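First listed ligand is number 1; within each ligand, the first listed atom is number 1. Since the structure is predicted, the reported quantities are computational estimates derived from the model, not experimental observations.
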Amino acid sequence: MKAIVVTDRAAGTTGMKLAERPEPLAAINDVIVQIHASGFVPTEMAWPSTWTDRRDRDRTPSIPGHEVAGVVTALGYGTTGLSVGQRVFGLADWHRDGTLAEYVAVEARNLAPLPGDVDFAVGASLPISGLTAWQGLFQHGRLQAGQSVLVHGSAGAVGSMVAQLAREAGAYVVGTGRAADRQKALDFGAQAFVDLDNDALEDVGRIDLVFDVIGGDIQKRSAGLIRAGGTLVSIVGPAEARPADGLAVDFVCRVRSRPTE
Ligand SMILES: NC(=O)c1ccc[n+]([C@@H]2O[C@H](COP(=O)([O-])OP(=O)(O)OC[C@H]3O[C@@H](n4cnc5c(N)ncnc54)[C@H](OP(=O)(O)O)[C@@H]3O)[C@@H](O)[C@H]2O)c1
């Protein structure tokens, strides 16, 4: 099959090359997916899992890309819950060959059925940003209906998912971003919008949950807006300022940091 491979860690994305690779075999509980759309994150080139397996052995040439949408073509021994011919979307394992290829082997538990009226490209763009938004809001932020959420970067990849999920969950959503992002943020479900270059962030009043994708000074100022018992959720590293009487959660693992709560 045709695939994009990387072999040279120092070359970054410039080292990505189109190559011929063997089609993957289905291990126990795997599904083989014929890929119709895939998602790739440039920072993958800095992830150790792009270069080594779980025992830290070199696994190059490796195929990057982890988000996938496609059609099931084969099932491994013991695989249940999915069938050949089914449309699916989901996430390929960080330590295995990925989705910039014609076929990928993925554990069935990391896939979900893709409804017929959802494009493959939409399906492949959802998993990482959607899961990041979901985990931040509901698992770490413990969002409840009726609470207020300040969503930074609400026209961006993660922020737009956060705004939609929070609104769907019955929260009052305040989006932020650049002046040009206002309409997009409102379309994604924000009921109010703060243009971070021209409006005063402090005018939004007290907030139950801040979802931060920006960090720095914006994060520090946002921490001061959080109500007693509220939460600051960061996906850009450990919070530099914590709410006076609340929780700060950084839950995206990076190479040299640990999730903190
Ligand atoms: N995408 C993911 O699934 C994911 C998962 C985990 C962690 N992260 C991390 O989360 C951060 C955001 O990722 P993303 O994919 O959502 O990025 P994105 O699509 O670029 O969205 C970020 C949004 O925030 C806006 N923004 C950034 N700084 C701003 C500022 N100072 N004032 C006003 N607006 C500002 C950006 O506007 P401009 O483009 O105009 O600057 C953009 O609309 C990154 O650090 C990323 O590594 C992302």
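Closest heavy-atom approach to atom 43 (O) of ligand 1 among the candidates V151, D217, D181: D181. Distances from atom 24 (O) of ligand 1 to the heavy atoms of G216, G153, G39 put G153 nearest. For atom 32 (N) of ligand 1, the nearest non-hydrogen atom from the set K184, R178, H152 comes from R178.
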I'd like a table of donor-acceptor pairs (distance under 3.5 Å, sequence neighbours excluded) in which one partner is a side-chain atom from residues 207-214, with atom names and distances.
{"unit_1": "D208", "atom_1": "OD1", "unit_2": "R227", "atom_2": "NH1", "d": "3.2"}
{"unit_1": "D208", "atom_1": "OD2", "unit_2": "S148", "atom_2": "N", "d": "2.8"}
{"unit_1": "D208", "atom_1": "OD2", "unit_2": "S148", "atom_2": "OG", "d": "3.2"}
{"unit_1": "D208", "atom_1": "OD2", "unit_2": "R227", "atom_2": "NH1", "d": "3.1"}
{"unit_1": "D212", "atom_1": "OD1", "unit_2": "I214", "atom_2": "N", "d": "2.9"}
{"unit_1": "D212", "atom_1": "OD1", "unit_2": "G215", "atom_2": "N", "d": "3.3"}
{"unit_1": "D212", "atom_1": "OD2", "unit_2": "G215", "atom_2": "N", "d": "2.8"}
{"unit_1": "D212", "atom_1": "OD2", "unit_2": "Q219", "atom_2": "NE2", "d": "2.8"}

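Taking a 4.0 Å cut-off on heavy atoms, I214 registers as neighbouring ligand 1.
Every atom of ligand 1 is numbered from 1 in the order shown, and the set under 4.0 Å from a heavy atom of S129 is 3 (O). Listed by atom number, the atoms of ligand 1 under 4.0 Å from G177 heavy atoms are 33 (C), 34 (N). The V213 neighbourhood of ligand 1 comprises atoms 11 (C), 12 (C), with distances under 4.0 Å to a heavy atom of that residue. Listed by number with element, the atoms of ligand 1 under 4.0 Å from a non-hydrogen atom of V158 are 1 (N), 2 (C), 3 (O), 4 (C), 16 (O), 48 (C). Ligand 1 places these atoms under 4.0 Å from at least one heavy atom of T132: 3 (O), 5 (C), 6 (C).
In this structure, D195 does not pair ionically with R182, as no charged nitrogen and carboxylate oxygen lie closer than 4.0 Å. Look at K220 and E240 and you find a salt bridge, because one of the NZ, NE, NH1 or NH2 atoms lies within 4.0 Å of a carboxylate O, short of that distance. Using a cut-off of 4.0 Å between Lys/Arg side-chain N and Asp/Glu carboxylate O, D30 and R96 are scored as salt-bridged.
Around atom CZ of R55, no more than 12 heavy atoms belonging to other residues, nucleotides or ligands sit under 6.0 Å away.
Between the side chains of S49 and H95, no donor-acceptor pair of N or O atoms lies under 3.5 Å. Checking H140 against T231 by side-chain atom types alone, no donor-acceptor pair falls below 3.5 Å.
Both the backbone and the side chain of I235 come within contact range of ligand 1, each with a heavy atom under 4.0 Å.
For the pair A157 and ligand 1, the shortest N or O to N or O distance falls below 3.5 Å.
Residue H36 holds its NE2 atom at 13.5 Å from OG1 of T99, rounded to the nearest 0.5 Å.
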